[in-house]
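Here is the structure we will look at, set down as structure tokens.
Reminder, nothing fancy here: chain letters follow the sequence lines and each chain counts from 1.
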Amino acid sequence: MEYNHQEIEARQRKAWAAQGTYRVTAREDKPKYYVLNMFPYPSGAGLHVGHPLGYIASDIYARYKRLQGYNVLNPMGYDAYGLPAEQYAIQTGQHPAVTTEKNIARYREQLDKIGFSFDWSREVRTCDPQYYHWTQWTFEQMFGSYYCYDAGKAKPIADLVRHLEAQGTAGLHVAESESLDLTAEQWRAMSETEQQQVLMNYRLAYLGETMVNWCPKLGTVLANDEVVDGVSERGGYPVVQKRMKQWCLRVSAYAQRLLDGLDTIDWSDSIKETQRNWIGRSEGTEMQFSVKDSDVKFTIFTTRADTIFGVTFMVLAPESELVATLTTPEQKAAVDAYLEATKKRTERERIADRRVTGVFSGAYAVNPFTGDAIPVWISDYVLSGYGTGAIMAVPAHDSRDYAFAKHFGLPIIPLVEGADVSEQSFDAKEGIVMNSPAAGKQTLDGFTLNGLTIKEAIARTKAFVEAHHMGRVKVNYRLRDAIFSRQRYWGEPFPVYYKDGMPHMIPETCLPLLLPEVSKFLPTESGEPPLGNAECWAWDTKTNKVVSNTLIDHQSVFPLELSTMPGFAGSSAYYLRYMDPHNDAALIGSDAAAYWQSVDLYVGGSEHATGHLIYSRFWDKFLYDLGVSHSDEPFRKLVNQGMIQGRSNFVYRIKDTNTFVSLGLKQQYDTTPIHVDVNIVSGDVLDVEAFRQWRPEYKDAEFILEDGKYVCGWAVEKMSKSMYNVVNPDLIVEKYGADTLRLYEMFLGPISQSKPWDSNGIDGCYRFLKKLWNLYFSGDTFAISDDAPKKESLTTLHKLIKKVTEDIEAFSYNTSVPAFMIAVGELQQQKCVSRAVLEPLAVLLAPFAPHIAEELWHRMGHTDSICDAQWPKCDEQYLVADSVTVGVQFNGKTRFTLDFPADATAQQMQDIALAAEQTAKYTEGFKVVKVIAVPGRIVNIVLKK
RNA sequence: GCGCUUGUGGCGAAAUUGGUAGACGCGCCAGACUUAGGAUCUGGUGUCGCAAGACGUGUAGGUUCGAGUCCUAUCAGGCGCACCA
């Protein structure tokens with residue numbers, strides 16, 4: 001009987017939808033398993049064949065877990081806020097909500113065809129007010145919290161206020177923007193506004209004046225992970241540093257927990273390492289230096305406290321506040337000129353052009369160990385945002401300091417025995433310390449490091465610095481707070497209004513604060529964000545309602561925040577919302593949170609390593625502190641699927657003609673390669689008629705064929721419209737079926753590897769399904785029998801069960817597909833028609849090719865869905881019986897093993913062993929004295945001299 | 001520069017974890033059937049060689065009776081971080 005995939009798949013799709021097969025509820029009688037894909041941004045281009053790769057992999061796992069008796073949550077939704085919809089709106093005037101809605105419908109249509117077991121009743125969209133209600137709510141909780149290091153968690157800001165009232169800042173051990181020193185009396189004497197300003201220093205969501213990445217072309221601020229090589233990740237526009245007041249999230253407060261958490265989760269080493277890099281923990285020392293002829297002191301941060309005797313100059317970041325304090329009148333003009341020049345350089349220029357620049361401040365610092373005067377310089381190679389924005393420079397042992405010293409002719413003092421610093425610095429942290437201090441030099445308390453290893457020297461210096469109150473041991477992190485404002489329209493509005501210049505949260509009970517309508521999506525004339533165009537964007541505190549801007553002068557009406565939240569706001573906690581998506585009273589009910597806990601398997605691209613995957617972990621930890629999330633890590637196991645690249649095809653036009661020559665003959669002509677749409681190429685053979693119709697200019701194209709065919713060239717490139725190599729899954733599904741697409745995508749290679757899409761191999765998978773289908777038919781009739789199967793068929797089946805189960809557990813689906821092919825080939829040869837084999841076979845296949853499996857399942861007489869069948873168990877007795885493993889020993893030690901068929905005679909085994917004896921060098925002089933062979937047991941061939 | 005990762009036929013890739021390298025699929029070759037098709041089926045297909053055989057997992061060493069797998073060095077590609085003191 002013919003395998004009609006279109007009919008089968010349409011029927012099963014309908015049945016699953018009608019029966020609600022994929023609806024999931026929290027059930028205490030079953031263990032839960034939560035599978036999640038990174039939800040897609042619904043772009044206008046629709047899905048290409050690369051998008052479903054991860055969805056298929058996770059769907060196989062979800063279906064497998066369900067067959068194993070788990071209650072599996074496998075939801076899907078849309079990351080619907082984003083820049084493309086807004087830019088499209090600016091160009092066309094179409095409201096982003098309209099295009100987004102349209103794109104979502106298209107995505108859904110495409111996804112439905114591939115047979116995913118998503119529970120669509122739990123769908124979320126980040127732009128849905130019912131959803132962003134809780135994004136806004138979480139922001140308000142962050143505003144109302146501070147991070148206490150003693151408790152190791154976030155706490156309500158009211159606790160902090162109590163502390164300030166009682167003791168001021170004394171004894172506070174909290175995350176803060178800057179270190180404040182207040183007494184309780186000072187705090188109590190402050191006005192309401194002043195107090196609010198102080199609290200801003202501690203809130204987890206705070207309004208901060210910071211240097212931000214400003215992208216003039218996009219008209220918005222960007223987060224660090226949205227800037228790549230000094231240009232915006234989206235669009236590639238230049239980014240400049242600008243001081244602006246922005247909402248920020250105090251992610252840095254969680255740096256240590258984000259780092260520690262990595263040890264508890266099952267993610268790939270490379271992505272964990274990327275996050276460790278991004279967090280950038282660095283243990284060092286803060287040391288105080290006083291300034292010569294002045295009572296000013298300043299602090300530097302160093303990881304190489306041991307190099308204190310090699311400090312020959314100090315460097316301040318140009319943005320450092322110390323610059324103004326330390327610059328001497330004589331140097332003021334030079335310093336001002338330098339600051340001016342530095343300010344003009346963009347981030348990109350700084351990266352591209354790393355020439356050494358700097359200026360002397362005129363001031364001298366005092367080395368606290370020797371009393372030596374050290375010149376203080378200013379240079380942009382020191383960053384204001386890291387450490388204290390000031391360093392002690394040790395040119396002998398730091399390459400950047402070295403370059404600076406060489407450029408400005410500053411002294412270089414080597415501190416490590418045998419280190420040659422005539423050409424370059426010696427940066428390695430190894431060797432024996434010398435010159436510390438130099439011979440005959442007086443030091444504080446006779447302090448010396450000479451003769452120690454670097455490691456010992458660092459430790460001794462640290463201890464000395466602490467003991468003498470010259471500074472303290474300090475841990476610094478590279479991780480910065482996340483800038484949370486975007487000057488855009490299409491994002492979550494902040495639930496914030498401003499009164500007397502201070503931000504206030506609108507009451508929780510009034511959430512969600514809906515995104516207003518605007519007359520245009522561009523910034524206003526005065527340069528305000530697009531929300532500045534809204535006519536109704538003011539908050540009336542009397543009625544707790546949004547009102548017209550014209551009422552702002554009234555006493556109770558205040559302007560609302562004009563920025564919106566960034567993309568990662570909505571994607572940071574969506575996995576929690578899936579657990580309880582329709583809850584109007586809370587982000588998530590505690591029963592749902594307690595049952596589903598966290599995501600057991602998360603599948604998505606590794607490009608989110610320093611963005612979404614950090615923010616989400618931060619967000620979850622905060623919600624965990626609040627008691628909302630029941631797990632302090634959101635994603636237990638992470639699998640990164642590789643990208644599917646495009647496989648472009650080329651035709652070769654002979655120069656200045658409309659004649660095209662086939663690949664094999666192109667050497668004989670002068671040709672230009674031209675991208676051709678891969679959809680009119682099959683097996684690298686061009687459909688010449690389709691090509692003539694593809695574009696008007698090829699209507700009269702001539703072809704030089706080889707063997708009657710036109711063969712195209714090919715190359716692996718990014719899958720994109722402009723390369724004409726985009727393969728739409730719809731076409732594959734139509735031609736071969738969703739089951740074939742699913743199998744083939746898995747067959748293509750290891751899930752985490754990037755690989756090119758190559759339509760050429762897909763026939764093999766299609767043929768396999770046809771063979772499988774015919775296994776269940778005799779001619780046109782469905783024919784399976786209840787007779788006992790042959791033993792060899794059982795062996796085939798159980799081998800397959802073992803292999804497929806192991807493969808799914810290990811996510812190596814690419815080797816399961818061949819296992820199926822081999823098994824079906826064997827069963828075909830064995831003429832197996834037995835239900836006892838064919839029924840479990842269908843179940844094994846169900847995660848991979850659900851439509852055909854379900855169809856066969858029903859034809860075998862089942863009325864329930866195969867999704868609720870039971871995963872077969874491997875019975876080892878069928879595996880061992882067909883072979884004997886023989887260990888070859890000599891001198892009592894097993895040296896190697898040989899496998900024999902179960903029916904091999906002792907004589908055959910002995911012959912083989914003899915052959916082994918003769919061919920292997922090491923058996924020289926040995927003889928087989930005994931072969932012990934019992935089918936199903938390990939036996940030995942014993943060799944003796 | 002630092003960190004992670006990958007190198008196996010014409011192509012995508014396997015290899016029970018130290019034990020017959022190249023399973024399976026694509027492609028290619030030959031044959032069968034044929035209503036000539038980009039269908040289906042059967043057999044073959046690492047390289048050199050008429051053959052016996054030899055050589056083969058980026059390169060060079062090492063450990064081992066035995067290495068794609070372990071160790072050392074080195075080369076090449078991919079990814080991440082990058083003036084973070």
Side-chain angles (χ1 to χ4, degrees), chain A residues 228-229 268-282 284-285 300-305 307 314-315 317 350-351 354 356 379-383 385-394 397-401 403-404 427 476-480 606-607 609-610 640 642-643 647 681-685 687 709 714 716 743-744 747-750 752-768 770-771 799 802-803 806 812 814-823 825 879 885 887-888 890 893-899 912 916 919-924 926:
Chain A
V228 179
D229 293 336
S268 73
D269 287 341
S270 69
I271 210 149
K272 281 190 192 181
E273 204 51 38
T274 302
Q275 290 212 342
R276 285 196 191 102
N277 256 327
W278 191 259
I279 295 165
R281 185 182 201 272
S282 157
T285 316
I300 58 95
F301 175 77
T302 180
T303 54
R304 293 293 302 272
T307 58
M314 314 287 288
V315 188
R350 265 170 96 153
I351 291 165
R354 276 200 195 162
V356 178
S379 174
D380 66 359
Y381 85 88
V382 173
L383 308 173
Y386 184 78
T388 60
I391 62 155
M392 62 181 215
V394 186
H397 302 289
D398 182 287
S399 53
R400 297 150 300 181
D401 298 343
F404 194 85
D427 291 16
N476 263 330
Y477 300 91
R478 209 181 64 87
L479 184 72
R480 309 292 162 81
S606 56
E607 67 272 21
T610 54
N640 296 116
M643 290 234 243
R647 188 179 185 278
V681 178
S682 182
D684 284 340
V685 174
D687 179 338
K709 292 183 292 195
W714 61 274
V716 173
L743 277 175
Y744 186 56
F747 181 64
L748 223 43
S752 54
Q753 229 169 68
S754 284
K755 55 230 153 187
W757 174 265
D758 181 354
S759 296
N760 290 340
I762 201 166
D763 291 291
C765 288
Y766 190 53
R767 269 197 282 272
F768 157 70
K770 280 199 273 196
K771 273 187 206 163
K799 248 166 43 191
K802 185 160 189 247
K803 174 76 177 146
E806 283 171 1
S812 47
N814 55 319
T815 56
S816 296
V817 181
F820 274 113
M821 290 174 174
I822 294 166
L879 303 186
T885 303
V888 179
F890 52 129
K893 197 177 157 199
T894 301
R895 288 299 197 172
F896 60 93
T897 59
L898 297 170
D899 283 344
I912 293 168
T919 51
K921 283 182 271 183
Y922 61 89
T923 57
E924 256 180 331
F926 286 86

OP1 or OP2 of rU40(B) sitting under 4.0 Å from any side-chain N/O of Lys770(A)?
yes
Enumerate all atom pairs, one protein N or O and one N or O from nucleotides 25-34 of chain B, separated by less than 3.5 Å.
{"from": "rC26(B)", "atom 1": "OP1", "to": "Arg767(A)", "atom 2": "NE", "distance (Å)": "3.3"}
{"from": "rC26(B)", "atom 1": "OP1", "to": "Arg767(A)", "atom 2": "NH2", "distance (Å)": "2.3"}

Look at the side chain of Glu273(A) and decide which nucleotide, out of rA14(B), rG80(B), rG3(B), has an atom nearest to it.
rG3(B)
With the side chain counted from C-beta on, respond yes when Ile300(A) and Met314(A) share a heavy-atom pair under 4.5 Å apart, and no when they do not.
yes
Is any side-chain nitrogen or oxygen of Asn814(A) closer than 4.0 Å to OP1 or OP2 of rA14(B)?
yes
Any chance you could encode RNA chain B as dot-bracket? Rule is Watson-Crick or G-U wobble with both distances under 3.5 Å; [ ] for pairs crossing earlier ones, | for another strand.
(((((((..(((......[....)))((((((.......))))))(((....)))..(((((..]....))))))))))))....
Is the phosphate of rA82(B), meaning OP1 or OP2, less than 4.0 Å from a side-chain N or O of Arg478(A)?
yes
The glycosidic conformation of rU17(B), counting syn as within 90° of 0 and anti otherwise, is syn
Contact check, side chains of Trp757(A) and Leu748(A), non-hydrogen atoms, under 4.5 Å:
yes
C1' gap between rU59(B) and rU40(B), integer Å
47 Å
Between rU34(B) and rG25(B) - C1' atom distance, rounded Å:
26 Å
What contact category does Arg480(A) fall into here, base, sugar-phosphate, or nothing, at under 4.0 angstrom with non-hydrogen atoms?
base
Test side chain to side chain contact (heavy atoms under 4.5 Å, CB included) on Met392(A) and Val394(A); report intermediate values, then the result.
CA-CA 7 Å; Met392(A) 62 181 215; Val394(A) 186; 4.3 Å; yes
Write down the distance separating the P atoms in rU72(B) and rG3(B), rounded off to the nearest Å.
14 Å
Rounding to a whole Å, what distance do you find between Leu748(A):CG and rG12(B):C1'?
7 Å
Starting from P on rA85(B), measure out to CG on Asn476(A) and report it in whole angstrom.
8 Å
Set out, in order, the CA-CA distance, both residues' side-chain angles and the distance that settles side chain to side chain contact (heavy atoms under 4.5 Å, CB included) for Ile391(A) and Asp401(A), then state yes or no.
CA-CA 10 Å; Ile391(A) 62 155; Asp401(A) 298 343; 3.6 Å; yes
When the P atoms of rU17(B) and rG12(B) are compared, how many Å lie between them, rounded to an integer?
27 Å
Starting at CZ of Phe768(A) and ending at P of rG12(B), how long is that distance when rounded to a whole Å?
23 Å
Work out how far the C1' atom of rG44(B) is from that of rG37(B), and round it to whole angstrom.
23 Å
Pairwise side-chain contact, Ile271(A) with Asn640(A), heavy-atom cut-off 4.5 Å (strictly under)
yes
Have a look at Pro750(A) and say if it touches a base, only the backbone sugar-phosphate, or nothing, with a 4.0 Å heavy-atom cut-off.
sugar-phosphate
Under 4.0 Å between a side-chain N or O of Ser282(A) and OP1 or OP2 of rA85(B)?
yes
Rounded distance (Å) that lies between atom C1' of rC83(B) and atom CG of Asp401(A):
10 Å
Considering only the P atoms, how many Å lie between rU57(B) and rU69(B), rounded to the nearest integer?
9 Å
Phosphate-side-chain proximity, Gln753(A) and rA13(B), N/O vs OP1/OP2 below 4.0 Å
yes
Check: Tyr477(A) ring centroid to Trp278(A) ring centroid under 6.0 Å
no
Please name all residues satisfying salt bridge (Lys or Arg N to Asp or Glu O under 4.0 Å) with Arg304(A), sequence neighbours left out, ordered by chain then number.
Asp306(A)
I would like to know whether Ser812(A) and Glu806(A) meet side chain to side chain contact (heavy atoms under 4.5 Å, CB included); could you show each step before the answer?
CA-CA 8 Å; Ser812(A) 47; Glu806(A) 283 171 1; over 6 Å; no
Let me see the working for Ile762(A) and Phe747(A) under side chain to side chain contact (heavy atoms under 4.5 Å, CB included), right down to the final yes or no.
CA-CA 9 Å; Ile762(A) 201 166; Phe747(A) 181 64; over 6 Å; no
Rounded distance (Å) that lies between atom P of rC81(B) and atom CG of Leu383(A):
16 Å
Whether Tyr381(A) and Phe404(A) hold their rings parallel, tilted or perpendicular, with breakpoints at 30° and 60°
tilted
Could you tell me how far rA23(B) sits from rU8(B) if I compare only their C1' atoms? Round to whole Å.
13 Å
Does rG9(B) fall in syn (glycosidic angle within 90° of 0) or anti?
syn
When rounded to the nearest Å, what value does the distance between C1' atoms of rC65(B) and rA14(B) take?
27 Å
Whole angstrom value for the distance that separates C1' of rC79(B) from CD1 of Ile271(A)
11 Å
Assuming nearest nucleotide by heavy-atom distance, tell me which of Gly749(A) and Ser270(A) is located more 5' along RNA chain B.
Ser270(A)
When Met392(A) and Thr610(A) are each assigned the nearest nucleotide of RNA chain B, the 5'-most assignment goes to Thr610(A)
Check Val382(A) against Ala390(A) and note the closest heavy-atom contact, atom names and distance.
CG1-N, 4.2 Å
Distance in angstrom units between Asp427(A) CG and rC83(B) P, rounded:
15 Å
Spacing between Lys803(A) atom NZ and rA14(B) atom P, to the nearest angstrom
10 Å
Please state whether the rings of Phe301(A) and Tyr386(A) are parallel, tilted or perpendicular, taking 30° and 60° as the class boundaries.
perpendicular
